[in-house]
Amino acid sequence: MSRPIIAILRGITPADALEVADALIQAGIDRIEVPLNSPDPFESIALMAKRFGETALIGAGTVLTVDDVRRVADVGGKLIVSPNADAAVIAETKALGLASFPGVFTATECFAAIAAGADGLKIFPASMAGPSGIKALKAVLPPDVPVFAVGGAGADNFAEWIAAGANGFGIGTALYRPGDSVETVASAAKRTVDAWDEAQA
């Protein structure tokens with residue numbers, strides 16, 4: 001079963017990419033982004049997309065330019081996540097058939113991103129908005145647009161965010177830190193998935 005959790009592998013290297021991705025997917029997390037300020041990010045994305053692209057949604061985070069979108073597409077990535085909402089980046093993402101999750105914070109940014117074609121919204125930093133901020137936004141946003149909380153949301157408080165209307169989450173250091181062993185990642189992924197499943201019960 002797929003969960004609406006995006007693993008953020010900031011700092012991952014190509015040498016570790018396949019084993020870490022495999023551990024996440026085996027645990028039930030099949031949406032993975034490699035932030036473009038990681039070492040050799042396009043190589044990591046290419047490796048993961050080639051190996052797991054049929055069973056997982058692999059792509060990039062911290063995508064700031066149209067050229068970056070094209071490079072992700074060229075190496076087989078299918079997911080574009082940004083910290084901001086750039087209409088040109090969103091438009092190019094959709095033109096290339098990729099999934100667009102731009103970063104937003106205000107209602108104005110949310111609706112501009114939706115108008116530009118975003119598939120979902122990344123509330124960032126969610127810790128500043130809090131569940132109450134998510135709840136207020138969800139009251140006015142189209143119900144078919146998924147809202148992902150990123151930054152401050154995790155296994156310890158999934159239920160609170162879900163109750164406020166969050167549809168999914170982006171999880172970074174709670175799942176992966178550079179240098180983590182595959183066993184550490186697998187354990188963190190299991191804990192995250194278990195917490196998600198429990199919050200749905």
Side-chain angles (χ1 to χ4, degrees), residues 1-9 24-25 27-35 53 55-63 69 72-73 77-87 89-155 157-172 174-175 189 192-201:
M1 181 180 77
S2 178
R3 283 85 175 174
I5 296 169
I6 299 173
I8 304 167
L9 304 185
L24 291 166
I25 293 165
I29 297 174
D30 60 2
R31 307 177 194 207
I32 299 172
E33 67 161 272
V34 176
T55 57
L57 183 62
I58 308 291
T62 319
V63 180
V69 174
V72 173
K78 301 292 186 184
L79 172 67
I80 299 293
V81 184
S82 302
N84 62 330
D86 184 308
V89 168
I90 297 169
E92 186 67 11
T93 300
K94 297 316 300 172
L96 294 174
L98 312 185
S100 171
F101 279 78
V104 294
F105 194 75
T106 66
T108 298
E109 292 170 344
C110 289
F111 281 102
I114 293 168
D119 295 290
L121 303 174
K122 166 187 167 180
I123 305 298
F124 178 78
S127 57
M128 290 181 64
S132 60
I134 297 276
K135 185 176 182 179
L137 287 171
K138 286 288 288 188
V140 297
L141 292 173
D144 60 332
V145 177
V147 170
F148 279 54
V150 181
N157 57 14
F158 278 154
E160 183 180 2
W161 291 91
I162 292 169
N167 304 109
F169 301 91
I171 307 293
L175 281 175
T192 300
V193 167
D194 288 347
W196 167 266
D197 291 347
E198 183 177 336
Q200 300 301 307

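Between Arg31 and Arg3, the shortest heavy-atom distance links the atoms NE-O, 3.5 Å. Shortest non-hydrogen contact noted between Leu98 and Gly77 is CD2-O, 3.4 Å. Taking all atoms of both residues into account, the shortest heavy-atom contact from Lys122 to Phe101 is CB-O, 4.2 Å. Residues Ala153 and Ile171 approach most closely at O-CD1, 3.3 Å, considering heavy atoms. Across every non-hydrogen atom of Leu96 and Ala73, the tightest pair is CD1-CB, 3.9 Å. Taking every heavy atom of both residues into account, Ala60 and Val72 meet most closely at CB-CG2, 3.5 Å.
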For Ile8 and Leu175: C-alpha separation, side-chain torsions, deciding distance, then whether side chain to side chain contact (heavy atoms under 4.5 Å, CB included) applies.
CA-CA 8 Å; Ile8 304 167; Leu175 281 175; over 6 Å; no
How far apart are the C-alpha atoms of Thr55 and Asp30, what are their side-chain angles, what is the distance that settles it, and do they pass the side chain to side chain contact (heavy atoms under 4.5 Å, CB included) test?
CA-CA 7 Å; Thr55 57; Asp30 60 2; over 6 Å; no
Please step through side chain to side chain contact (heavy atoms under 4.5 Å, CB included) for the pair Trp196 and Ile162, ending with a clear verdict.
CA-CA 10 Å; Trp196 167 266; Ile162 292 169; 3.5 Å; yes
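A 4.5 Å side-chain heavy-atom check between Ile114 and Leu121 finds at least one atom pair inside the cut-off. In this structure, Val104 and Ile123 have side chains that are in contact, with non-hydrogen atoms separated by less than 4.5 Å. Side-chain atoms of Val147 and Leu141, non-hydrogen and from C-beta on, do get closer than 4.5 Å to each other. Contact annotation: the side chain of Phe124 never approaches that of Pro102 to less than 4.5 Å [non-hydrogen atoms, C-beta and beyond]. The closest side-chain heavy-atom distance from Leu79 to Ile6 is below 4.5 Å.
Annotation: side-chain hydrogen bond (donor to acceptor under 3.5 Å, both in side chains) contacts of Asn167 (sequence neighbours excluded): Lys138. Shown here are the side-chain hydrogen bond (donor to acceptor under 3.5 Å, both in side chains) partners of Asp194, two or more places apart in sequence or in another chain: Lys190.
Between the side chain of Asn157 and the backbone N or O of Glu160 there is no donor-acceptor pair closer than 3.5 Å.
Note on residues 89-113: pairs passing side-chain hydrogen bond (donor to acceptor under 3.5 Å, both in side chains), not counting sequence neighbours, are Arg70-Glu92, Lys94-Asp119.
In this pair, Phe158 and Phe169 present their aromatic rings tilted. The plane angle is within the 30 to 60° band.
Here the OG1-CG distance, from Thr192 to Leu24, works out to 9.0 Å after rounding to the nearest 0.5 Å. To the nearest 0.5 Å, the span separating CD1 on Ile32 from CD1 on Ile5 amounts to 12.0 Å.
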